[in-house]
**Q** 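First the structure, which I've put down as structure tokens, then a few questions once you've had a look.
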Amino acid sequence: MALSAPSASALGKASALGKRALVAAHRAWRKAAQRGAAFAAPVHGTWRRSLHFRVVTITLVASSLLVGGFSYLVATQSTNILLHGTEAEVKSQLHDDVQYAADQLSIYPVRYNREIQVTLNATASYLSGGGPEQGGFVALTAVRHSNLKTAAPRGVDVSPLIGDQLEDEVAYQGQVARQIRTADLGGGPTKYLVYGSRVPTDFGQVELYRIVPLTTEDQTANQIRTMVLFTGVALVVLLGVLAALVTRLVVNPVRVAARTAQRLSAGLLDQRMAVNGEDDLAQLAAAFNQMATNLQRQIVRLEEMSRLQRRFTSDVSHELRTPLTTVRMAADLIFAGRDDFDPAVARSAELLQAELDRFESLLTDLLEISRFDAGFAMLDAEPTDLVPVVRRVVDRLAGVADRAGVAVDLRLPDTPVIAEVDPRRVERVLRNLVGNAVEHGEGRPVVVTLGVDDSAVAVTVRDHGVGLRPGEEKLVFNRFWRADPSRARQTGGTGLGLSISLEDARLHGGWLEAWGAPGQGAQFRLTVPVRAGDRLTSSPLRLVPQAEVTA
């Protein structure tokens, strides 16, 4: 059956309203979640950072649960005790009331008498004492005698207090039953305890109900609950304060130890913790101070040894300059006249000249290393176009590359690449990187790439030779380290080139990094900031070649 146009329109509007309601509910939920996350984030951060906060919070939560459960148990038991006491009293009074009523009604024969109603009213009035306002009253009913009305003091309507179940248990089952009901008999809603029982008579069955207000019991129970609540809150607060104080006693020395350790790691070796008392924390502070003293003594000894070692290296390097100069002059004379010598002597002169060149390079590198170790190395930065610097390095190593059968592929930008660097140091770094690539390239091409972005300039040197084993990308910058000690050098290096290059890169505030894999070659990357003194955050060129990343 097709819908009419108005019906379809109404359904469409209802659907649109439903969608808008769902969208609004989703937005409200998302805002509530965002607010909750914004509120929980600082708390979560404090929870992670502060041991003091965690201990106090856990103590408060645990004590709140414990005290809350105990308070609930105490309040419940107190209320039950009060109620049971009242029930026992009312039940005892009910027995006396039934006995009295039975005596009053025993004078009437089996058949109905009009005076029975008067006796019921008088008995109810007598047993009720002061009435509903004076601590309870009695009502007499006869459900099986329709001509007898309920007898209650002052005509109180007790029907709201006598439920069907209670009436059934008392009138028809003959039990002594009870119930608690709340009703308004003129003084406002009040809770009543109603106990009922049969009254034996000759003319028929009568039910007697003693009705007692529980106002006093409720007030007492409320006072007990209030007192327990305030006591519990005070106990929880006290436990929180005690936990905070005790935790502070433990956490403060730990915080002092952490701050002292930070100062020690920053080089303030004379920092110590205060030792107060003879407890465990005092023993911890004393042990910490002893550890700091031993570390200071060891560091001072190592610094002294390092200083002596640097001084020895520097002194030896300088002292070797004079004899090396003399030997160099004699060797140059011998080398210049080698054509007049015997072939064996001529070959010895050539070897002597080559080894003197290597020895002189080693002394130069040792002097440079000693300057780095002593902290005397200075950066002479100036705006420099790195494109001709890279070309110059490759041109100077062209002869070595030709002898090794290695082709060098240059990948340079078409525009100048200007950076504030020390051109001498950058050229030395590139010369070491390209020389090592040629030496370990196994006759395969070497690729030199220059890249630049807004904050950094990078040069990568990629070879396809033997590569590096896992972990060797850090060891290659150690002094005199060689991947294969038995391998002959093609470029006559000293074993200090990469160490000096790393120091040159650090002096620029840059990076010198290595990557390699066995059989896949290696790649070195030099990254320096465009402006001297800037901090590097990224490099314009990848350290790991793209082909290796996608493989």
Side-chain angles (χ1 to χ4, degrees), residues 354 357-358 360-362 364-365 367-368 371-372 377-441 443-453 456-465 476-477 489-494 496-514 521-532 539-541:
D357 291 340
R358 186 164 179 264
E360 189 171 12
S361 298
L362 177 59
T364 302
D365 289 347
L367 287 172
E368 188 68 19
R371 280 193 289 270
F372 280 117
M378 301 295 293
L379 185 68
D380 187 13
E382 61 184 32
T384 304
D385 185 2
L386 294 182
V387 174
V389 173
V390 176
R391 291 187 183 277
R392 186 164 59 248
V393 169
V394 173
D395 291 342
R396 290 181 178 177
L397 292 174
V400 177
D402 292 340
R403 287 195 300 271
V406 174
V408 180
D409 180 14
L410 281 176
R411 298 180 182 178
L412 306 177
D414 297 330
T415 58
V417 177
I418 307 298
E420 296 179 4
V421 297
D422 188 335
R424 179 182 66 85
R425 294 184 184 278
V426 171
E427 185 172 342
R428 180 168 60 189
V429 173
L430 297 179
R431 186 167 59 248
N432 284 320
L433 297 182
V434 176
N436 284 339
V438 170
E439 180 179 351
H440 298 90
R444 299 185 182 92
V446 172
V447 180
V448 180
T449 307
L450 174 63
V452 63
D453 59 17
V457 177
V459 180
T460 58
V461 180
R462 172 80 161 99
D463 68 73
H464 301 80
V476 292
F477 299 108
R489 292 186 182 273
Q490 301 294 328
T491 58
T494 63
L496 295 172
L498 289 179
S499 300
I500 295 174
S501 299
L502 180 62
E503 297 295 341
D504 283 332
R506 289 174 177 172
L507 196 61
H508 282 85
W511 305 329
L512 182 58
E513 303 160 287
Q523 177 162 291
F524 286 78
R525 180 180 70 179
L526 170 67
T527 308
V528 295
V530 171
R531 290 168 292 276
S539 178
L541 298 177

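For the single chain, residues carry numbers from 1 onward in sequence order.
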**Q** Grab the two heavy atoms, one from Thr449 and one from Leu541, that are nearest each other, plus how far apart they are.
**A**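 What the structure gives for the nearest pair is O-CD1, 3.7 Å.
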**Q** Looking at Val406, Val434, Leu430, which hits side chain to side chain contact (heavy atoms under 4.5 Å, CB included) with Leu397?
**A**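 The side chain to side chain contact (heavy atoms under 4.5 Å, CB included) with Leu397 is passed solely by Val434 among Val406, Val434, Leu430.
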**Q** Of all the heavy-atom pairs spanning His508 and Val528, show the shortest one and how long it is.
**A**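 Reported closest heavy-atom pair: CB-CG1, 3.9 Å.
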**Q** Quick one: side chain to side chain donor-acceptor pair (under 3.5 Å) partners of Arg396, sequence neighbours excluded?
**A**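 Residues passing side chain to side chain donor-acceptor pair (under 3.5 Å) with Arg396: Glu427.
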**Q** Kindly give the heavy-atom pair with the smallest separation between Ile418 and Val530, and that separation in Å.
**A**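 Minimum heavy-atom contact is O-CG1, 3.9 Å.
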**Q** Which heavy atom of Ala437 sits nearest to which heavy atom of Val461, and what is that distance?
**A**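 So the minimum-distance heavy-atom pair works out to CB-CG1, 3.6 Å.
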**Q** To the nearest 0.5 Å, what is the distance between CG (Leu507) and CD1 (Ile500)?
**A**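 That separation rounds to 12.5 Å.
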**Q** Would you say Asp463's side chain and Gly521's backbone share a donor-acceptor pair under 3.5 angstrom?
**A**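 It does not hold such a pair.
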**Q** Does Arg424 have any salt bridge (Lys or Arg N to Asp or Glu O under 4.0 Å) partners at least two apart in sequence or in another chain, and if so, which?
**A**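 Applying salt bridge (Lys or Arg N to Asp or Glu O under 4.0 Å) to Arg424 gives none.
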**Q** Please list, chain by chain and in numerical order, all residues satisfying side-chain contact (heavy atoms from CB on, under 4.5 Å) with Leu498, sequence neighbours excluded.
**A**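 Once residues adjacent in sequence are excluded, the partners of Leu498 under the side-chain contact (heavy atoms from CB on, under 4.5 Å) criterion are Leu433, Asn436, Val476, Phe477, Phe524.
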**Q** Identify all side-chain donor-acceptor contacts of residues 378-391 below 3.5 Å with residues at least two apart in sequence or on another chain.
**A**
from: Thr384; atom 1: OG1; to: Glu382; atom 2: O; distance (Å): 2.9
from: Asp385; atom 1: OD1; to: Val387; atom 2: N; distance (Å): 3.2
from: Asp385; atom 1: OD1; to: Val417; atom 2: N; distance (Å): 3.0

**Q** How many angstroms lie between CZ in Arg462 and CZ in Arg525, if you round to the nearest 0.5 Å?
**A**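 It is 14.0 Å, given to the nearest 0.5 Å.
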**Q** How would you list, by chain and number, every residue that makes a side-chain contact (heavy atoms from CB on, under 4.5 Å) with Ala456, sequence neighbours excluded?
**A**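 Here the qualifying residues are Asp453, Thr527, Leu536, Pro540.
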**Q** Who are the side-chain contact (heavy atoms from CB on, under 4.5 Å) partners of Ser501, not counting sequence neighbours?
**A**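 By the side-chain contact (heavy atoms from CB on, under 4.5 Å) rule, Ser501 matches Val429, Asn432, Leu512.
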